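Heads up: the structure comes next, in structure tokens.
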Amino acid sequence: ETWYTTISATFAWTPPSDVIDVRGGLDALPNSVPNDIYGTELKTKTVNIPSDGIYYFHLQYKNALGWGAITHYPVKLDTVRPETLSIKLLGDKEKLRALPSFNINAKDRTSGIASFGMKLDYEDVVSIAPQGDDTIYTISGIAPGKHTLIVRALDKAGNATMDSIDFDIIPLEKPIITSYKDTLNEGDVIELVGKTKYASSTVEVVYIDEQNNEYKDTTGTNYNGDFKMTYLPHLKAGIYQMKARVIDNSDGAQSYYTD
């Protein structure tokens, strides 16, 4: 059931030893009786497909008892990329803070759509099969800020059409660190106290050393959005930067990191 993009097709056969004649032919009918006489010396035949669509190569052997059963080989040609591709952002784009969903619609009248390849900010993320006329694609765990979704619609012959859509993810408000020590001895416990506007969420704190190595820890907020973190790091003496962000557990919405 393979679709092809080349207009030339070559068929090969090996007739049994008792065959005294061979005939074949190409047309758009699935059960035709071939008329072209090939003889027994010809073992391959190259034909040009007239246009996009489904054609059939018919082959028939003759022995002393007469002409035998006809074999029909389908040949599927699609040289044209999908005719249409549209991407629509669902929901209110002014309130989009997480889980952006897109309605993707593509049409290919010859072979049909095989898959949609997705790129988020020019990085490959996933390839999905179409879900009928409209395919819904939702992105989880996406950071706040400006993004570009690129969709590559691939038909069953490998022809492709591409389109893209830009969208913004609105950030949550950053957490506020209200208490911490900025000078510690090696091996000391790091204690942080802070607050957010988001109850029952996750706060991620990142410590960055002078070689840009990152050490992460997380804690949860209480029903008021407050949090307290005790970190027992195996950090060597040195200067570290610290940043934090909050992640809403309900939908994965995120803030930017603190400065």
Side-chain angles (χ1 to χ4, degrees), residues 87 89-102 117-128 136-152 164-259:
I87 314 166
L89 177 64
L90 302 177
D92 186 350
K93 66 178 181 180
E94 301 300 329
K95 298 179 180 179
L96 186 61
R97 67 175 211 166
L99 300 174
S101 291
F102 303 87
M118 308 295 184
K119 287 188 175 184
L120 180 61
D121 301 328
Y122 303 96
E123 296 290 335
D124 291 328
V125 286
V126 71
S127 179
I128 63 174
I136 305 301
Y137 175 60
T138 300
I139 304 174
S140 60
I142 188 169
K146 296 183 178 299
H147 297 279
T148 300
L149 175 67
I150 302 172
V151 179
R152 183 173 182 259
S164 65
I165 186 171
D166 297 325
F167 62 99
D168 293 333
I169 296 295
I170 300 170
L172 303 182
E173 292 193 27
K174 298 176 184 179
I176 299 173
I177 308 297
T178 58
S179 176
Y180 73 97
K181 290 183 179 181
D182 58 7
T183 302
L184 295 166
N185 294 318
E186 186 172 349
D188 283 353
V189 173
I190 300 175
E191 289 187 347
L192 298 176
V193 177
K195 59 183 180 180
T196 75
K197 290 191 173 182
Y198 311 99
S200 303
S201 294
T202 297
V203 174
E204 179 188 77
V205 179
V206 182
Y207 305 92
I208 307 168
D209 67 18
E210 294 169 287
Q211 287 74 44
N212 287 322
N213 297 310
E214 294 188 352
Y215 307 87
K216 296 181 180 181
D217 198 9
T218 60
T219 190
T221 63
N222 63 17
Y223 64 93
N224 288 321
D226 300 329
F227 65 92
K228 181 178 181 180
M229 176 182 288
T230 301
Y231 185 42
L232 301 171
H234 301 287
L235 300 180
K236 297 180 180 179
I239 298 174
Y240 291 80
Q241 294 179 333
M242 180 182 67
K243 60 183 182 180
R245 65 173 177 169
V246 61
I247 304 169
D248 192 320
N249 293 337
S250 66
D251 60 6
Q254 307 170 22
S255 73
Y256 289 119
Y257 282 104
T258 54
D259 299 329

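In this chain, numbering begins with 1 at the start of the sequence shown. Hydrogens, waters and symmetry mates play no part in the numbers below; they use all other heavy atoms, side chains included. Small disclaimer: the values here were computed from a predicted structure and weren't measured.
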Decide yes or no on side chain to side chain contact (heavy atoms under 4.5 Å, CB included) for L149 and Y137, but give the supporting numbers first. CA-CA 11 Å; L149 175 67; Y137 175 60; 4.1 Å; yes
One pair to check against side chain to side chain contact (heavy atoms under 4.5 Å, CB included): I190 and Y180. What are the steps and the verdict? CA-CA 8 Å; I190 300 175; Y180 73 97; over 6 Å; no
Take V246 and K197 through the side chain to side chain contact (heavy atoms under 4.5 Å, CB included) test and state the conclusion after the steps. CA-CA 9 Å; V246 61; K197 290 191 173 182; over 6 Å; no
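Side chain of D124 to backbone of K119: no donor-acceptor contact under 3.5 angstrom is found. The backbone N or O of Y198 lies less than 3.5 Å from no partner atom in the side chain of D248, so there is not a single donor-acceptor pair. Remark: side-chain polar atoms of T219 are not paired, donor with acceptor, to backbone N or O of V203 under 3.5 angstrom. Within the 3.5 Å criterion, the main-chain N or O of T221 finds no donor-acceptor partner in the side chain of S201. Formation of a donor-acceptor pair under 3.5 Å by the T196 side chain with backbone atoms of P175 is not found in this model. Proximity of a side-chain donor or acceptor of T258 to a complementary backbone N or O of A244 within less than 3.5 Å is detected. Side-chain atoms of S255 never come within 3.5 Å of backbone atoms of R245 as a donor-acceptor pair (strictly under, hydrogens ignored).
Here the closest heavy-atom approach between residue I169 and residue A143 is recorded as CB-O, 3.7 Å. L172 and A253 make their closest contact through CD1-O, 3.4 Å (heavy atoms, listed as atom of the first residue, atom of the second, distance).
Separating the CZ atom in F227 from the OG1 atom in T178 is a distance of 7.0 Å, to the nearest 0.5 Å. Taken from NE2 in H147 to CG in D168, the straight-line distance is 8.0 Å, to the nearest 0.5 Å. Atom-to-atom distance recorded for S101:OG and I139:CD1 is 8.5 Å, nearest 0.5 angstrom. Within the model, atoms NZ of K243 and NZ of K216 stand 7.5 Å from one another, a figure rounded to the nearest 0.5 Å.
A salt bridge does not link D209 with K236: every distance from a Lys NZ or Arg NE/NH1/NH2 to an Asp or Glu carboxylate oxygen is 4.0 Å or more.
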